[in-house]
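Numbered from 1 within each chain, the chains take letters A, B, ... in sequence-line order. Because the structure is a prediction, the values reported are computed rather than measured.
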Amino acid sequence: MRWSKLFIPTLREAPSEAEVPSHQLLLRAGYVRQLSAGIYSYLFLAQRSLNKIMNIVRREMDAIGAQEMYLPALNPAEIWQESGRWQVMGDNMFRLKDRFQRDMCLGMTHEEVMTSIARGELRSYKQLPQIWYQIQTKFRDEPRPKSGLLRVRQFLMKDSYTFDMDAAGLDVAYQKHYEAYCRIFDRCGLKYTVVEAHSGAMGGSQSHEFMVASDAGEDLIVVGEKSGYAANLEKAVSRPVPPALPDPEGDLAPEEFHTPGRKTIEEVAAFTSLPATSQIKSLVMVADGKPVLALLRGDHQLSETKLASVTGAAEARPAHPAEMRDWMGADAGSLGPVGITKMRVVADLALEGRRNMICGANKDDYHLRHVTPGEDFQAEFHDLRQVAPGDTEANTGEALKIVKSMEIGHIFKLGYKYSQSMGLRVTDEHGKEVTPIMGSYGIGIERILCGAIELFHDADGMMLPSSIAPFQVVITPVNSKDAALREASEALYKECLAMGVDALLDDRDERPGVKFKDSDLIGIPFRLTMGKKLGQGLVELYVRNGKQVTDVPVAEAAAKIKQMIG
RNA sequence: CGGGGCGUGGCUCAGCCUGGUAGAGCGCCUGGUUCGGGACCAGGAGGCCGGUGGUUCGAAUCCACUCGCCCCGACCA
């Protein structure tokens, strides 16, 4: 296409509302414009890039036998009520009423619609397995949209759903998706990490997330490069650093001591001259309305996600001060497990086997020393702790890294949650009715673009992989008024097109500097600069990522580009 | 929902404290000169200063309310 005819509104300066690199560059490079909080218009360049991403996704989904569909975004309340998610989704779901006052909503994801199709049509085991997918707009009324296209209220998702007769079938479908996702992200040129993930409100047993390392991300992942361990922080396990001081020996009895004004772990540590690792941190939590006392080593953080899993609660929150006073008889800062019988007590595994520790006495301004878990109080031991910097991999002892990342894909073994609640049944080979098992799998289309930008950019703009860049090469005559340059550029442009190279001709009547700055900004991976050397039959090949320049004979330029984009 | 910040031509921002006829740079339009990393000269267009109400002779400026956007937290299949 010819730049002079295109709408590519680049900006010299980033609009002040943008903070993360991908947001700034998408705006500056004229890819997107914001309409409202978390709602964006995708202009020509963004749409072109997203189309390329979607085509890669389609090819790879089709390759595993997935069938593309297109489901409605506008849903009746009924199916969401059946699955129970009309309630669960709360304010995150956009809801509306039709003219007859019937409740409707905008789809946040499509388990319900897919399952309703399946239950209406699938009758026999002979029809399974099925892999169905779509690429469609999702709506989520995010409490806080942010970071440009990273967290928005309307976005594109490739979502697929599998239906299998049994867990073994689901394993196969899951593995196919895992591999297809790797191929998709590889082809999109991304660097990513696959991590074990928490299944969250989706329900289900196993799940993996595909993550791109970025400070703009909202997740933390735990990675051990040598051991290959990778998990979301919500789920990650590790070997903690050993206690800073060995526990006192002997069968000592708990002993109360006065700790006036010492409430935090640090204050008690300073007061007793004993490290935080010698203390028991006691957190009063409320899991689905019921109090739970969670115990951790003093230097450890509670993972609320793990606590919720352990208690089977949908959500866990810290207790309010009044609740603590009521249940424990003291305020936060003086709480402990000794003598607590009315509520469930769960302790982190790092406390198992410890002896003679310090904890609150459930009496304001008093603590206990010589408290031994399992003897002086009873607790269930579970993994409740959040992995901390310095922790090592559980099996190999390798130092683990914690990396800020953004999620670009997520695969789930759903199990029977939707097929059961919505009544999907088929007959098996014995004529008996059985409930198929499901999986669901998502890719955030825009996040692939954002991830690529976050990963590959410099002060001058984006450096997009050629597979997802809006154009693969830009042909730039340095002076459009020079007839020889213009004609040679035109010819080279046509030659590129003829060879199937997605070329852009910068035929604007602009000074070269403007053209260079613009093409750098919008991230076209290659540029053929047609200038003075045309007299010697040469054109300059400029590689955006790294900015290397080489001279190439004009006659070979198109073929060279073709070869470089693979 | 709690905390913070910001709303002034398309973009970045000044002006506000101390009320008195709305500014700069970039961008845009016209003409000319230029042409290898965001050119130069000359001329020009473009703003109910987010909105409403109040105070005042007079409000971008002071006060109240309100809307919007951004950031932190809570939340997040």
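Using a 4.0 Å heavy-atom distance criterion, A/Ser147 is classed as a sugar-phosphate-only contact. A/Ala18 comes within 4.0 angstrom of nothing in the nucleic acid, heavy atoms only. Heavy atoms of A/Phe155 sit under 4.0 angstrom from at least one base atom. Nucleic acid contact class of A/Pro145 (heavy atoms, under 4.0 Å, all strands): sugar-phosphate only. Counting any heavy atom pair closer than 4.0 Å across all strands shown, A/Pro143 reaches a base atom. Heavy atoms of A/Glu13 sit under 4.0 angstrom from at least one base atom. Across all strands, A/Met93 comes closer than 4.0 Å to no nucleic acid atom at all (heavy-atom distances).
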Contacts under 3.5 angstrom, residues 9-19 of chain A side chains, donor-acceptor by atom type, not counting sequence neighbours:
{"from": "A/Thr10", "atom 1": "OG1", "to": "A/Asp518", "atom 2": "OD1", "distance (Å)": "3.0"}

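When the C1' atom is compared between B/A59 and B/G19, the two are found 6 Å apart, to the nearest whole Å. With P as the reference atom, B/U8 and B/G15 are 14 Å apart, rounded to whole Å. B/G20 and B/C62 have their C1' atoms separated by 14 Å, with the value rounded to a whole Å. B/C49 and B/G32 have their P atoms separated by 39 Å, with the value rounded to a whole Å. Taking atom C1' on both nucleotides, B/G9 is separated from B/G23 by 11 Å, rounded to a whole Å. Look at the C1' atom in both B/U55 and B/A14: the space between them is 27 Å, to the nearest Å. Annotation: B/U56 and B/C75 have their C1' atoms spaced 46 Å apart (nearest Å).
Counting only residues at least two apart or in different chains, side chain to side chain donor-acceptor pair (under 3.5 Å) contacts with residues 70-79 of chain A comprise A/Asn75-A/Trp80. Contacts classified as ring-ring contact (aromatic ring centres under 6.0 Å, His included) and involving residues 516-549 of chain A (residues at least two apart or in different chains) are not found. Screening residues 12-38 of chain A for ring-ring contact (aromatic ring centres under 6.0 Å, His included) gives A/His23-A/Tyr40 as the qualifying pairs, with residues at least two apart or on separate chains.
When the side-chain contact (heavy atoms from CB on, under 4.5 Å) test is applied to A/Asn92, the partners found at least two apart in sequence or on another chain are A/Met108, A/Pro143. By the side-chain contact (heavy atoms from CB on, under 4.5 Å) test, A/Ala322 pairs with no residue at all, sequence neighbours left out. Considering only residues two or more places apart in sequence or on other chains, A/Leu71 meets the side-chain contact (heavy atoms from CB on, under 4.5 Å) condition with A/Met69, A/His110, A/Val113, A/Met114, A/Ile117, A/Gln134. Remark: A/Asp103 pairs with A/Lys97 by the salt bridge (Lys or Arg N to Asp or Glu O under 4.0 Å) rule, at least two apart or across chains. Qualifying side-chain contact (heavy atoms from CB on, under 4.5 Å) partners for A/Glu266, counting only residues two or more places apart in sequence or in other chains: A/Thr264.
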What are the atom names and distances for every N/O pair under 3.5 Å that joins the protein to nucleotides 14-16 of chain B?
none

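Across all strands shown, B/A24 forms a Watson-Crick or G-U wobble pair with B/U12, both key distances being under 3.5 Å. The partner of B/G73 is B/C1, by the rule that a Watson-Crick or G-U pair needs both atom distances under 3.5 Å. The partner of B/C35 is absent, by the rule that a Watson-Crick or G-U pair needs both atom distances under 3.5 Å. With a 3.5 Å ceiling on both atom-pair distances, the Watson-Crick or G-U wobble partner of B/C6 is B/G68. Nucleotide B/G47: unpaired (no Watson-Crick or G-U wobble partner with both distances less than 3.5 Å).
The phosphate of B/A74 has neither OP1 nor OP2 within less than 4.0 Å of any side-chain N or O from A/Arg144. For B/C70, the OP1/OP2 oxygens have a side-chain nitrogen or oxygen of A/Gln34 closer than 4.0 Å. Contact annotation: A/Ser16 side-chain N/O to B/C13 OP1/OP2 distance is under 4.0 Å.
Taking the ring centroids of A/Phe210 and A/Tyr178, they lie under the 6.0 Å cut-off.
The cationic group of A/Arg48 lies under 6.0 Å from the six-membered ring centre of A/Phe471 and within 45° of the ring axis, placing it in a cation-pi geometry.
Here B/G5 presents its P atom at 15 Å from CD of A/Glu19, a figure rounded to the nearest Å. We find that CZ of A/Arg33 is positioned 13 Å from P of B/G10, with the value rounded to whole Å.
Atom NZ of A/Lys547 has more than 12 heavy atoms from other residues, nucleotides or ligands within 6.0 Å.
For the pair A/Ile131/A/His177, a side-chain contact is recorded, criterion being any heavy-atom separation below 4.5 Å from C-beta on.
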Q: Heavy atoms under 4.0 Å is the rule here; annotate nucleotides 32-39 of chain B 5' to 3' with B where the base is hit, S where only the sugar-phosphate is, and - elsewhere.
A: --BBBBBB
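Within residues 36-48 of chain A, the residues that have a heavy atom under 4.0 Å from RNA chain B are, in order of number, A/Ser36, A/Ala37.
When each of B/C71, B/C13, B/C70 is scored by its nearest atom to the side-chain atoms of A/Glu17, the top-ranked nucleotide is B/C70.
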